[in-house]
Amino acid sequence: MKVLVVGSGGREHTLIWKLKQSKKVDNIFCAPGNGGISKIAKCVNIKADNIRALADFAARNKIHLTVVGPEAPLAAGIADEFTKRKLKVFAPDKSASQLESSKVFSKEFMRKYHIPTAAFKVFTTAAEAIGFCRTVEYPVVIKADGLAAGKGAVVVKNAEQATATIENMMVKKQFGSAGDTILVESFLQGQEISVMALTDGKTIVPLLASQDHKQAFDGDRGPNTGGMGAYCPTGFATDEIMTRINDYVLAPTLSGLNKEGITYKGVLYAGLMITPGGPKVLEYNCRFGDPETQVVLPLLRTDLYELMMAVVNRKLASIGQLSWRNDSAACVVMASKGYPGNYTTGVKIGGLPNKDDNNCVVFHAGTVYKNSQYMTSGGRVLGVVGLDKNLQLALNRAYRTVNKIKFEGARYRKDIGFRVLNLKRK
Ligand code: AMP
Ligand code: GLY
């Protein structure tokens, strides 16, 4: 079978690496891909948001399954276009993708279907939002309604910060039209976990829960990034918590979508805060997480191609229980100098392992392969994943490899996993 994966990051490298393990998959294409991906798939020079060109490519090359990585093509309706042309695609359609592309849609959906989430209010004018922020208890979280590349949620500690944030979003249009409408929501405290679940619109099957580290610096300090590391499983996702997530979040989300006339096919990612009052949804994403995918998929034993086809053909119930490797996975992201601000690129990468093994894999995010040499080309460059019996051993493996990889200005966090490791020490 031929598969096309859309996207160019560490998540897509991982999806391809996993799909290649399927006996059913003969050929994998990636649009547009990256340096590391070019070693295991054929990269095609089509941008992830060029939906027409992607559908033309899939039709012309008789692709059996297209898997979409990033959110932008989902919101732009890639699944609708492929389905119209009778091409099989693992991606929710445009209406379903509103769960990620509009925070107002997703919060109102949660309110309607009694899915636990932070209290919120919606504003369409800066004056009203600023007025409201004079009356609240701090901290609160201010969020742009639309897609803002992970930067659209700001925690503010006082009315002054709230006013500046609202003005940036609504008046200065920091995120363009994504900030025309905003939300002000109450701040939740607890452990943040990520639960990705596969659904065909009838059945919903959670994957193992994971945690990522969003902040740039050790101790979970500094600005938010796309993710500096992740691990799976996490001690915070106990069986009891997972049952609650299933009963109070995943199942009602699926039935709510069906009541809205939306058939969701693909992966639904719930970002959750485990609060003293139970798990609450921070956000939905309609795609695989990055770097969560890098730690969840290496533990999956079930054939990913078969799973994805079962989703697309709405036969997920026939798959039964998923099978998992009884180990831990840890990912350490190596980033370019300056990331998440302005960063350098075009730097040579040395010291990469000659080949991956069962217990250490290097997934590429921002790399190109030119003149027999890997060079940096993005903010997040590599995701180094270690696998072993427990989190500490998995981290040791990942860091041993990280320490061998060299590129000028390389920066990574040295404390990935500390929240869970501290938990064990208590
Ligand atoms: P979002 O884009 O809604 O996922 O928000 C991005 C990040 O902001 C989340 O991953 C959390 O770390 C943080 N965050 C969002 N909403 C809240 C909230 N209500 N309380 C505390 N932290 C939040
Ligand atoms: N790691 C967070 C995300 O993929 O949105």
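When a residue number appears, it is its place in the shown sequence, counting from 1. All ligand and atom numbering here is 1-based and tracks the order in the structure.
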Taking the six-membered ring for Trp, are the ring centroids of Y138 and F187 within less than 6.0 Å of each other? no
In this structure, is the centre-to-centre distance between the rings of Y248 and H114 below 6.0 Å?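 H114 vs Y248: aromatic centres not under 6.0 Å.
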Side-chain donor/acceptor of D415 to backbone N/O of F418, under 3.5 Å: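 Absent.
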How would you list, by chain and number, every residue that makes a ring-ring contact (aromatic ring centres under 6.0 Å, His included) with F175, sequence neighbours excluded? none
Within 45° of the six-membered ring axis of F132 and under 6.0 Å from that ring's centre, is NZ or CZ of K121 located there? yes
Tell me whether the rings of [X] and [Y] are parallel (<30°), tilted (30 to 60°) or perpendicular (>60°).
X    : Y    : result
W17  : F363 : perpendicular
Y412 : Y399 : tilted
F105 : F109 : parallel

So, using side chain to side chain contact (heavy atoms under 4.5 Å, CB included) as the criterion, who are the partners of R301 when residues are at least two apart? S323, R325
So which protein residues pack against ligand 1 under 4.0 Å, heavy atoms counted?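 For ligand 1, the contacting residues are K103, A118, V141, K143, A153, E185, S186, F187, L188, E192, K214, M273, L282, E283.
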List by chain and number: which residues place a heavy atom under 4.0 Å from ligand 2?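 These residues qualify: D212, G226, Y269, N285, R287, G289, D290, P291, E292.
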